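Here the structure is laid out as structure tokens; the discussion comes afterwards.
The first residue in the sequence is number 1, and the count goes up from there. None of these values were measured; they are calculated from a predicted model.
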Amino acid sequence: MMTVTDRWRPETAAGGFTRDDEDIAFYTRINALVRPDMVLVDLGAGRGSRFDEGTSPFRKDFCNFQGKVKHVIGLDVDPVVMEHPHLDEAHVIEPGGRLPLADSSVDIIVCEWVIEHVEHPQEFADEIHRVLKPGGWFCALTPNSYGYVGISNRIIPDSVKDRLMRLVWPERPHEDVFPTFYRMNTMGSVRRAFGEEKWTHHGYTANGTPRYHGNTAIGFAAVAFFQAIMPPPMRTNLLVFSQKRPDAAS
């Protein structure tokens, strides 16, 4: 069945992604960074929803790093990570706990829709720094605190949020709902946690394909218009690309 996104983004039929698909923008840069000799960690890998039935073949291949790098490790607080179809190794971790990885053992860490759930940014950043090799990359896609999604998540009470989400994004799996803190969802907060004495930062804000429109034409148009008039600091998503300085010790 054709969705409202298919109608407003007809190019989706040509490859299975929209012109403003944030995942494609995010993974384009990761694909540009990876090399065959690398170890990649998918932190917050989940069940591998990027590879669910119905996902376009292009997207499945584009976002899958198994075979493109030496080793892919998946980590998640949810035991469902053990069922992820495209990992070489998987571990269930404790929230805020130590990662089951050796010091300076990883080349690139990918976090998609994860860091909005981080309760203690400094401890998180310190652990990322520990396991990354000098010159390694931390890459995250997350809502921007100053975008409409980030603002709404902070001001809407939890008692209302779940019911509202079912209205504006009915296809969202309920099992994907986790507590959010938004303590590391601006470039400033990322720079504070990942100090510039140890890191260089290359992130930016960008709008993605409109969501939270209730699968209605008027809702899609309203969200698209709202995104279009927002200045860069209030764009919907934050794309973090931070590199551990080559001379930084773990």
Next item on the list: Could you check Ile218, Asn215, Thr216 and say which one makes a side chain to side chain contact (heavy atoms under 4.5 Å, CB included) with Val4?
Entry: Asn215
Shortest non-hydrogen separation from [X] to [Y] and the atoms involved:
X	Y	answer
Ala140	Ile115	CB-CD1, 4.0 Å
Ser242	Val190	OG-CG1, 4.1 Å
Pro246	Pro134	O-CB, 3.1 Å
Pro85	Gly48	CD-CA, 4.4 Å
His86	Phe51	CD2-CG, 3.4 Å
Ala193	Ala125	O-CB, 3.4 Å

Quick check for you: to the nearest 0.5 Å, what is the distance between [X] atom [atom1] and [Y] atom [atom2]?
X	Y	atom1	atom2	answer
Thr186	Asn144	OG1	CG	7.5 Å
Trp137	Met38	CH2	CE	10.0 Å
His71	Gln66	NE2	CD	9.5 Å
Arg154	Ile151	CZ	CD1	6.0 Å
Glu11	Phe17	CD	CZ	8.5 Å

Item checked: Salt-bridge contact Arg47-Asp78 (side-chain N to carboxylate O under 4.0 Å) -> no
Side chains of [X] and [Y]: does their closest heavy-atom pair fall under 4.5 Å?
X	Y	result
Lys198	Lys244	no
His91	Leu99	no
His120	Phe181	no
Ile93	Val77	yes
Thr3	Thr12	no
Cys63	Ile30	no
Asp52	Ser49	yes
Val81	Asp42	no

Notebook entry, point to check: If you measure only the distance, is there a donor-acceptor pair under 3.5 Å linking the side chains of Thr142 and Glu116?
Noted result: yes
If you look only at distance, which donor and acceptor atoms sit under 3.5 Å apart when one is on a side chain in residues 106-114 and the other is two or more places apart or in another chain?
unit_1	atom_1	unit_2	atom_2	d
Asp107	OD1	Lys133	NZ	3.4
Asp107	OD2	Val39	N	2.7
Asp107	OD2	Lys133	NZ	3.4
Glu112	OE1	Tyr27	OH	2.7
Glu112	OE1	Arg50	NH1	2.8

Next item on the list: Please check if atom OH in Tyr148 has more than 12 non-hydrogen atoms from other residues, nucleotides or ligands closer than 6.0 Å.
Entry: yes
Next item on the list: Tell me, please, which residues at least two apart from Phe62 pass ring pair (Phe, Tyr, Trp, His ring centres under 6.0 Å).
Entry: Phe58
Notebook entry, point to check: Residues in ring pair (Phe, Tyr, Trp, His ring centres under 6.0 Å) with His201, at least two apart?
Noted result: none
Any donor and acceptor pair, going by atom type alone, linking the side chain of [X] with main-chain N or O of [Y] inside 3.5 Å?
X	Y	answer
Arg211	Val223	no
Arg235	Asn207	no
Asp76	Gly46	yes
Gln227	Gly208	yes

Checklist line | Ring geometry between Phe194 and Phe138 (parallel below 30°, tilted from 30 to 60°, perpendicular above 60°) | finding: parallel
Note to self: I'd like to check the side chain to side chain donor-acceptor pair (under 3.5 Å) partners of Asp37; sequence neighbours left out, ordered by chain and number.
What the structure shows: Arg35
Next item on the list: Kindly indicate, with the supporting measurements, whether the criterion side chain to side chain contact (heavy atoms under 4.5 Å, CB included) is fulfilled by Thr236 and Tyr212.
Entry: CA-CA 12 Å; Thr236 309; Tyr212 307 104; over 6 Å; no
Next item on the list: Decide ring-ring contact (aromatic ring centres under 6.0 Å, His included) for Phe220 and His213; before the verdict, give the C-alpha distance in whole Å, the side-chain angles of both, and the deciding distance to 0.1 Å.
Entry: CA-CA 5 Å; Phe220 191 102; His213 45 66; 5.2 Å; yes
Note to self: Can you pull out every salt bridge (Lys or Arg N to Asp or Glu O under 4.0 Å) where at least one residue sits in residues 57-69? Sequence neighbours excluded, please.
What the structure shows: Asp21-Arg59, Asp23-Arg59
Next item on the list: Return the set of residues passing salt bridge (charged side-chain N to carboxylate O under 4.0 Å, His left out) with Glu89 (not counting sequence neighbours), or none when no residue passes.
Entry: none
Notebook entry, point to check: Run the side chain to side chain contact (heavy atoms under 4.5 Å, CB included) check on Leu238 and Thr205 step by step: do they pass?
Noted result: CA-CA 5 Å; Leu238 177 65; Thr205 58; 4.1 Å; yes
